[in-house]
Amino acid sequence: NKTVFLDSFKGFTGQQFRIIERIFAQADDVYVSLTDDPTVTKEYSVYTNIRTAAERIKKIAKNHGVETAEPIVLGESRYTSENLVSVERLLAVGETEKAENDGSVNICFAATVFDEAEFTARTIRRLVRTKGYRYRDFVVIARDAEAYEEAVTSACKRNRISCFYDKRMPLADFPMSTAASCAIKALKLSTESILRFHKTGLGTLNNDEISRLENYTYLWNIDGSTWLKKWDMDVRGFVSDGEDKPEIHESLKEINALREKALAPLLEFKDNFAGNAPNMSAAIVKLFKACNVGEKLSLMCDRAELENLPFSGDALKQAYDEYMNILDSLVNSFGVAGLDTVHFTEALDIAVSKASVGVIPQCLDEVTFGAADRIRPSRPKIAFIIGANQGVFPRLVGNSGVFNIIERKSLIENGMNIADNSVYSSIDEEYLVYCNLCCATDRLYITCKSQSLSGEKSEASPFVDTL
């Protein structure tokens with residue numbers, strides 16, 4: 001009793017095809033929306049991979065006895081400029097009638113990535129001010145968004161432009177992941193790990209207390225089992241005056257109180273962190289509760305925007321949930337069997353290193369910036385394609401995997417059902433160029449740099465010269 005819609009896919013993985021098989025076996029109706037142009041009859045085009053996926057979907061439907069309806073072709077143009085229609089035809093077919101440029105297609109040759117970003121930000125601000133556009137009408141796309149992250153975000157800040165960067169943040173960068181990792185390392189009473197645990201903001205010490213404790217441990221080179229003994233070294237360091245002042249004893253008393261305060265949750269954690277996965281996962285949760293982590297994370301969420309923290313409150317909440325899910329997964333995986341702390345820690349570190357957190361736009365009116373293979377523009381009016389350089393966009397396809405290109409082709413010719421990744425990846429890169437350059441309805445801006453930050457010369461992509 002379900003109708004399923006599949007949209008915004010440019011292809012499917014093997015696992016996704018298996019899910020589609022189950023959907024076809026159970027759903028009442030299935031609608032699949034794909035980008036294709038029936039008038040393009042060339043064997044290899046930007047639509048080749050999509051057509052391959054469509055044929056496989058039809059085969060799945062046939063295997064399950066599901067009738068396939070006649071495809072519906074949506075051919076109505078949404079462009080406001082004939083130049084953009086010509087760009088779409090040129091990238092799809094490889095040829096088009098030459099048209100007079102009406103200003104809707106612009107190409108900027110800049111010196112560096114920072115010049116590209118500055119041109120982009122200033123142009124956006126000018127168009128908002130003079131043409132009445134909103135920031136949400138703009139999208140900025142780069143094939144390698146990380147290489148342009150600093151340049152674009154700083155240019156937008158300088159020009160007072162609200163910009164959302166579509167980026168997933170590693171779970172390992174969030175406070176709870178760092179705190180748990182440092183707590184485990186602090187089992188050996190490492191001064192660096194103990195102090196780093198409290199520096200996450202989730203420990204039991206505030207910043208002033210951490211500074212006092214750090215200065216004293218650095219002064220006397222304290223590490224290891226020395227943390228378990230009462231400290232009686234002069235807080236001033238090596239002195240020869242021999243004075244026995246009351247304030248010195250008071251300072252020592254305060255330092256020892258800080259030592260005990262810093263160790264208390266970690267020593268309890270050390271007693272609990274052993275046995276099996278459920279015990280060790282529970283020990284981490286108990287440590288968080290002992291340090292009032294929930295309350296501190298809530299305060300961090302409130303301060304995230306005011307203090308310009310590297311993550312938003314929403315991302316912080318997602319990260320906490322993701323970390324708890326990882327602990328649950330480890331308990332389910334290892335069960336109650338005996339497990340040493342080394343193997344549990346390795347499994348936890350690997351799981352955390354593979355996890356990431358994504359966020360949604362925080363404002364209604366802001367420019368969207370993202371990577372060409374991740375971003376899904378929602379009908380933007382103006383698109384900026386930055387970094388249109390040779391070998392960057394489209395990206396050069398390298399030989400990866402167990403089999404090289406010749407071996408893979410030989411296996412395919414002998415009936416093996418494996419993908420020809422060399423051809424598939426090349427077409428996929430061309431399709432990324434096509435769909436990103438053709439996403440805007442009003443204007444298209446393309447920028448490329450003439451040199452890298454190290455001074456090496458960079459050539460423009462072939463499609464730039466073609467346009």
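What you see is a predicted model, and the numbers here were worked out from it, not measured in a lab.
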Polar side-chain atom of [X] near backbone of [Y] as donor-acceptor pair, under 3.5 Å:
X: S461; Y: F393; answer: yes
X: E116; Y: G387; answer: yes
X: N49; Y: V46; answer: no
X: S154; Y: A151; answer: yes
X: S190; Y: A186; answer: no
X: Q16; Y: T13; answer: yes
X: Y323; Y: V352; answer: no
X: S353; Y: I350; answer: yes
X: T52; Y: T48; answer: yes
X: N101; Y: V105; answer: yes

Would you call [X] and [Y] a salt bridge, taking side-chain N to carboxylate O under 4.0 Å as the test?
X: D36; Y: R51; result: yes
X: K185; Y: E192; result: no
X: K457; Y: E459; result: yes
X: R143; Y: D373; result: yes
X: K58; Y: E55; result: yes
X: E146; Y: K167; result: no

Which atom pair, heavy atoms only, marks the closest approach of [X] to [Y]?
X: A145; Y: G370; answer: CB-C, 4.0 Å
X: A179; Y: F197; answer: O-CD1, 3.3 Å
X: A121; Y: I161; answer: O-CD1, 3.1 Å
X: M176; Y: A319; answer: SD-CB, 4.0 Å
X: A183; Y: L287; answer: CB-CD2, 3.5 Å
X: L202; Y: K296; answer: O-NZ, 3.7 Å

Are any of the side-chain heavy atoms of [X] and [Y] separated by less than 4.5 Å?
X: N325; Y: L327; answer: no
X: F344; Y: S281; answer: yes
X: V464; Y: I446; answer: yes
X: R395; Y: L432; answer: no
X: S356; Y: L171; answer: no
X: L91; Y: C438; answer: yes
X: M169; Y: F174; answer: yes
X: L444; Y: I382; answer: no

So D102 and S81, side chain to side chain donor-acceptor pair (under 3.5 Å) or not? Walk me through it.
CA-CA 8 Å; D102 55 11; S81 165; 2.9 Å; yes
Which is it for C163 and E366 under the side-chain contact (heavy atoms from CB on, under 4.5 Å) test, yes or no, and what are the steps along the way?
CA-CA 5 Å; C163 179; E366 57 185 349; 6.0 Å; no
Taking only distance into account, with no hydrogens and no angle test, what donor-acceptor pairs under 3.5 Å do side-chain atoms of residues 128-136 form with protein atoms, sequence neighbours excluded?
{"unit_1": "T130", "atom_1": "OG1", "unit_2": "R126", "atom_2": "O", "d": "2.7"}
{"unit_1": "Y133", "atom_1": "OH", "unit_2": "D442", "atom_2": "OD2", "d": "3.2"}
{"unit_1": "R134", "atom_1": "NE", "unit_2": "D365", "atom_2": "OD2", "d": "3.3"}

Set out, in order, the CA-CA distance, both residues' side-chain angles and the distance that settles side-chain contact (heavy atoms from CB on, under 4.5 Å) for L467 and L437, then state yes or no.
CA-CA 11 Å; L467 290 176; L437 264 67; 3.9 Å; yes
Euclidean distance, [Y] [atom2] relative to [X] [atom1], rounded to 0.5 Å:
X: F9; Y: D7; atom1: CZ; atom2: CG; value: 8.5 Å
X: L316; Y: D321; atom1: CG; atom2: CG; value: 10.0 Å
X: F164; Y: T153; atom1: CZ; atom2: OG1; value: 13.0 Å
X: T204; Y: H198; atom1: OG1; atom2: NE2; value: 4.5 Å
X: D37; Y: I50; atom1: CG; atom2: CD1; value: 11.0 Å
X: R196; Y: T178; atom1: CZ; atom2: OG1; value: 5.5 Å

Just by distance, no angles: are the side chains of S86 and N83 close enough, under 3.5 Å, to form a donor-acceptor pair?
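Short answer, no.
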Regarding D28 and T3, do their side chains bring together a donor and an acceptor under 3.5 Å, going by distance alone?
no
Heavy atoms from other residues, nucleotides or ligands near [atom1] of [X] exceed 12 (cutoff 6.0 Å):
X: R160; atom1: CZ; value: no
X: H343; atom1: NE2; value: no
X: Q451; atom1: CD; value: yes
X: R158; atom1: CZ; value: yes
X: N207; atom1: CG; value: no
X: K42; atom1: NZ; value: yes

Working for side-chain contact (heavy atoms from CB on, under 4.5 Å), residues V30 and I20:
CA-CA 10 Å; V30 180; I20 291 172; over 6 Å; no
On the six-membered ring of F17, is R56 placed so that its NZ or CZ lies under 6.0 angstrom from the centre and within 45° of the ring axis?
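Judged by the rule (NZ or CZ under 6.0 Å from the ring centre, within 45° of its axis), R56 counts as positioned above F17.
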Side chain to side chain donor-acceptor pair (under 3.5 Å) between D115 and T112: does it pass, once the steps are laid out?
CA-CA 5 Å; D115 293 322; T112 65; 3.3 Å; yes
Quick check on side chain to side chain contact (heavy atoms under 4.5 Å, CB included): which of I141, I375, I385 does C439 satisfy it with?
I141
Could you go through F269 and K286, starting from their C-alpha distance and side-chain angles, then the distance that decides it, and tell me whether this counts as side-chain contact (heavy atoms from CB on, under 4.5 Å)?
CA-CA 8 Å; F269 174 68; K286 287 178 183 177; over 6 Å; no
I need the full list of ring-ring contact (aromatic ring centres under 6.0 Å, His included) pairs touching residues 429-462, with sequence neighbours left out, sorted by first then second residue.
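For residues 429-462: Y47-Y434, F384-Y445.
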